Amino acid sequence: MEIKVLNIQGKETGRTIQLEDSIFGIEPNDHAIYLDVKQILANRRQGTHKSKQRNEVSGSTRKLKRQKGTGTARAGSIKSPLFRGGGRVFGPVPRDYSFKLNKKIKQLARKSALAYKVKENALLVIEDFNFDTPKTKEFVNICKNLNVADKKTLFLLSETNKNIYLSSRNLQKQVTAIASSVNTYEILNANMLVLTESSVDALNKMFKVS
């Protein structure tokens with residue numbers, strides 16, 4: 001499919017670029033997206049949660065009262081989960097939430113996320129641009145020209161660009177990323193996806209489209 005290329009003023013350049021159907025035109029696979037996003041978010045979890053069980057709580061192990069004849073339930077230790085300050089039953093313990101996912105599943109998930117953006121008309125392609133020095137004001141003007149200033153927007157670049165990154169770093173709704181390393185969650189978390197011309201080639205290369 002072909003899409004018009006815009007300049008940083010938001011005007012049409014008169015050129016178009018080919019978006020490969022094998023990437024942007026596939027039928028999205030929701031289950032692949034679910035698995036990939038689940039893995040991405042799981043890998044972010046520290047898993048350092050911990051509560052003390054009854055063998056870890058400090059307290060006397062003296063039997064509180066005689067076994068029978070009190071008219072109440074028997075109690076053997078002040079560290080019992082039934083008493084305030086006692087151990088916690090089945091409390092959280094440190095664990096690793098990460099899990100492995102097939103590489104082809106992750107690739108399919110990213111393609112599906114890109115395909116969704118095309119279906120939702122939430123994808124723009126602009127010509128490559130650069131700043132001589134970091135200028136947040138200039139980056140904001142570009143967002144306004146593209147009508148994405150008030151939307152969560154992901155700008156995909158073909159390679160690391162320090163000036164563009166620094167220009168967008170303080171903006172709450174605009175994020176820049178490298179096309180070759182972008183993940184499914186980042187794509188779906190944005191309301192608008194803005195690709196530079198060279199980033200389209202980078203995506204083609206990442207998915208090995210000749």
Side-chain angles (χ1 to χ4, degrees), residues 1-21 23-30 32-34 36-41 44 106-204 206-207:
M1 71 185 75
E2 288 189 347
I3 188 171
K4 295 177 180 178
V5 178
L6 306 178
N7 56 29
I8 57 176
Q9 283 76 41
K11 305 279 182 67
E12 295 182 9
T13 60
R15 293 181 286 110
T16 61
I17 192 167
Q18 183 72 25
L19 297 182
E20 296 292 338
D21 289 335
I23 301 175
F24 298 89
I26 68 170
E27 184 61 33
N29 188 308
D30 290 340
I33 290 176
Y34 161 74
D36 195 20
V37 171
K38 180 181 178 182
Q39 187 202 42
I40 292 167
L41 296 181
R44 292 183 179 183
K106 294 181 69 67
Q107 193 175 65
L108 175 59
R110 273 179 291 184
K111 288 182 180 180
S112 298
L114 292 170
Y116 264 126
K117 291 304 177 188
V118 173
K119 280 191 171 187
E120 296 166 358
N121 293 319
L123 186 146
L124 298 174
V125 177
I126 63 174
E127 61 184 4
D128 293 336
F129 66 99
N130 193 11
F131 299 137
D132 295 330
T133 57
K135 291 287 184 180
T136 300
K137 190 174 181 179
E138 290 184 18
F139 192 89
V140 170
N141 288 334
I142 292 176
C143 294
K144 289 179 178 178
N145 294 336
L146 297 174
N147 295 318
V148 297
D150 58 343
K151 300 176 182 177
K152 289 175 67 175
T153 308
L154 175 64
F155 284 79
L156 285 189
L157 310 175
S158 61
E159 57 187 13
T160 303
N161 188 307
K162 185 177 180 180
N163 288 337
I164 293 178
Y165 166 71
L166 292 176
S167 299
S168 63
R169 182 174 59 176
N170 287 338
L171 301 178
Q172 290 185 334
K173 294 188 176 182
Q174 280 68 41
V175 178
T176 58
I178 309 303
S180 59
S181 60
V182 69
N183 63 46
T184 304
Y185 179 75
E186 290 173 324
I187 297 171
L188 293 176
N189 193 41
N191 299 129
M192 287 293 297
L193 182 63
V194 179
L195 308 177
T196 61
E197 285 185 273
S198 56
S199 71
V200 175
D201 295 331
L203 288 172
N204 290 337
M206 181 174 71
F207 293 115

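In this text the structure is predicted, and so the values were computed from the model without any measurement.
Counting only heavy atoms from C-beta outward, the side chains of Ile3 and Phe24 never approach each other to under 4.5 Å. The shortest distance between side-chain heavy atoms of Lys173 and Thr153 does not fall below 4.5 Å. Contact of the Glu127 side chain with the Leu6 side chain is not registered, since no non-hydrogen atoms from C-beta on lie closer than 4.5 Å. Taking the side chain as every heavy atom from C-beta outward, Asp21 and Met1 approach each other to under 4.5 Å. Using a 4.5 Å heavy-atom threshold, the side chains of Asn145 and Asn7 count as separate. Using a 4.5 Å cut-off on side-chain heavy atoms (C-beta onward), Glu186 and Val175 make no contact. In this structure, Tyr185 and Leu41 have side chains that are in contact, with non-hydrogen atoms separated by less than 4.5 Å. Side-chain contact between Asp30 and Ser112: absent, with no pair of heavy atoms (C-beta onward) separated by less than 4.5 Å.
Side-chain atoms of Ser167 come within 3.5 Å of backbone N or O of Lys135 as a donor-acceptor pair. Panel note: side chain Ser158, backbone Ala202; no donor-acceptor pair is recorded below 3.5 Å. Distance alone, capped at 3.5 Å, is enough to place a donor-acceptor pair between the Asp128 side chain and the Ser198 backbone. A distance-only check finds a donor-acceptor pair linking the side chain of Gln174 to the backbone of Lys151 [under 3.5 Å]. Ser199 contributes no side-chain N or O that, together with a main-chain N or O of Ala179, makes up a donor-acceptor pair within less than 3.5 Å.
Here the CD atom belonging to Glu20 is positioned 10.0 Å from the CG atom belonging to Asp201, to the nearest 0.5 angstrom. The distance from atom CD of Glu120 to atom CG of Asn191, rounded to the nearest 0.5 Å, is 9.5 Å. Note that CD1 of Ile26 and CZ of Phe207 are 8.5 Å apart. Values are rounded to the nearest 0.5 Å. To the nearest 0.5 Å, atoms CD1 (Ile164) and OG1 (Thr176) are separated by 8.0 Å. Rounding to the nearest 0.5 angstrom, the gap separating the CD atom in Gln107 from the CD1 atom in Ile23 is 8.5 Å. Atoms CD and OG1, from Gln18 and Thr16 in turn, are 8.0 Å apart once rounded to the nearest 0.5 Å.
When each of Val194, Leu156, Leu19 is tested with Leu123 by the rule side-chain contact (heavy atoms from CB on, under 4.5 Å), just one qualifies, namely Leu19. A side-chain contact (heavy atoms from CB on, under 4.5 Å) with Thr184 is found for one member of Leu188, Ile187, Val182 and no other, namely Leu188. Under the side-chain contact (heavy atoms from CB on, under 4.5 Å) rule, Leu195 has a single partner from Val200, Leu157, Ile126, which is Val200.
Within a 6.0 Å sphere centred on CD of Glu2, other residues, nucleotides and ligands contribute more than 12 heavy atoms. Within a 6.0 Å sphere centred on CZ of Phe131, heavy atoms belonging to other residues, nucleotides or ligands number more than 12.
When the salt bridge (Lys or Arg N to Asp or Glu O under 4.0 Å) test is applied to Lys119, the partners found at least two apart in sequence or on another chain are Glu27.
Side-chain contact, Asn161 with Asn130: a donor N or O sits under 3.5 Å from an acceptor N or O. Under the 3.5 Å distance criterion, with hydrogens and angles disregarded, no donor-acceptor pair is assigned to the side chains of Asn170 and Thr136.
The aromatic rings of Phe129 and Phe139 sit tilted relative to each other, their planes meeting at an angle between 30° and 60°.
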Problem set entry | Test log, rule side-chain contact (heavy atoms from CB on, under 4.5 Å), inputs Leu154 and Asn189 | CA-CA 9 Å; Leu154 175 64; Asn189 193 41; over 6 Å; no

